[in-house]
Amino acid sequence: MYDVAIIGSGPAGISAAINLKILNKNFIWFSSRTVSKKVGQAEFVKNYLGLPDVTGGELAWTFRNHYESMDIKPEEKTVTGVYRTEGHFTLLAGNENYLAKCVILCTGVQTEKPLEGEEEFLGRGVSYCATCDGNLYKNKKIAVLCTDKQFEHEAEFLAELSKKAYVMPMYRGYEIKSEKAEVILKNPVKVSGGMKVDKIHFKDGFIEADGLFILRGSVSPATLVHGLKTEGGHISVARDLSTNIKGIFAAGDCTGRPYQYAKSAGEGNIAAHSAVEYLASLK
């Protein structure tokens, strides 16, 4: 059982992790090894205090060097569900469950809009986790929306399980190595079906499939945590960055504008301290 679980690879998540380390809390931080692409790909950052005219790559290196110097190691898994259970939270990541007394969401802003029908069919043919749900579709026809090259091994895993897999890479330079995979270079716009998924639609037609796997780097907060209050696509928070669900805090771009690295880092700090106060209240 962890004191805190942090979800997110950007400045807010890193800041929360650093502060919880300083405060000597037992935490797990779900993040990719590399700092958020949004940071690394920035040409210049002119308003980060103490680092004038720093490039995004330099800032990302500084962030990573800071947490590595404190012996903080991210858990490189995508969290696909957060559930309240008997006074704590259960987080589903891959095919494993993790327990934490409270959670800090630093999920950023999801730039990809959900497909029409995606949320409606979640758990009824739509899945975000290859290792969790892949075996349910053994020897069936599936569709796989792959948004980044880092998820190709998951797409190949699903293809080998399936009777046939329609893989839709949303990037250039794809290398899908499976004889069961048929690459479709179209953007899906809708998922439909009856009790379960049976069709994936494009602007000019559709394919029939028993399920759709969406391999993204993050899941939208409202999908991730059932009952989480959002407004305009952002998580609603109080000044201490608590959400409407007791024990869940949020920080960074996911809480709203302005989308600034300095703001995100500051909110990560506040969320960490608020989480520590919440933990003290449990005693």
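Throughout, numbering of the chain's residues begins at 1 and tracks the sequence.
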Inset, instruction - Answer yes or no for Lys46 and Phe44: cation-pi contact, defined as NZ/CZ to six-membered ring centre under 6.0 Å and angle to ring axis within 45°. - result: yes
Legend entry - Lys/Arg cation over aromatic Tyr166: Lys164, 6.0 Å, 45° cone: yes
Inset, instruction - Mind telling me whether Tyr137 and Phe213 have parallel, tilted or perpendicular rings, with 30° and 60° as the class edges? - result: perpendicular
Legend entry - Parallel, tilted or perpendicular: ring planes of Phe206 versus His201, cut at 30 and 60 degrees: tilted
Legend entry - Check: Glu267 side chain, Gly252 main-chain N or O, donor-acceptor pair, under 3.5 Å: yes
Legend entry - Side-chain donor-acceptor pair present, Tyr171, Glu152, cut-off under 3.5 Å: yes
Distance (rounded to the nearest 0.5 Å) between [X] [atom1] and [Y] [atom2]:
X      : Y      : atom1 : atom2 : answer
Gln150 : Thr78  : CD    : OG1   : 7.0 Å
Leu20  : Ile6   : CG    : CD1   : 5.0 Å
Tyr67  : Ile18  : OH    : CD1   : 9.5 Å
Glu160 : Lys177 : CD    : NZ    : 13.0 Å
Ile214 : Thr80  : CD1   : OG1   : 12.5 Å
Leu215 : His153 : CG    : NE2   : 9.0 Å

Inset, instruction - Before accepting this row, confirm whether a basic side-chain N of the pair Lys163/Asp210 lies closer than 4.0 Å to the acidic partner's carboxylate O. - result: no
Heavy atoms of other groups near [X] [atom1], more than 12 under 6.0 Å:
X      : atom1 : answer
Tyr48  : OH    : yes
Glu68  : CD    : yes
Met195 : CE    : no

Is any side-chain heavy atom of [X] less than 4.5 Å from a side-chain heavy atom of [Y]?
X      : Y      : result
Phe27  : Asp3   : no
Pro169 : Leu185 : yes
Met170 : Leu145 : yes

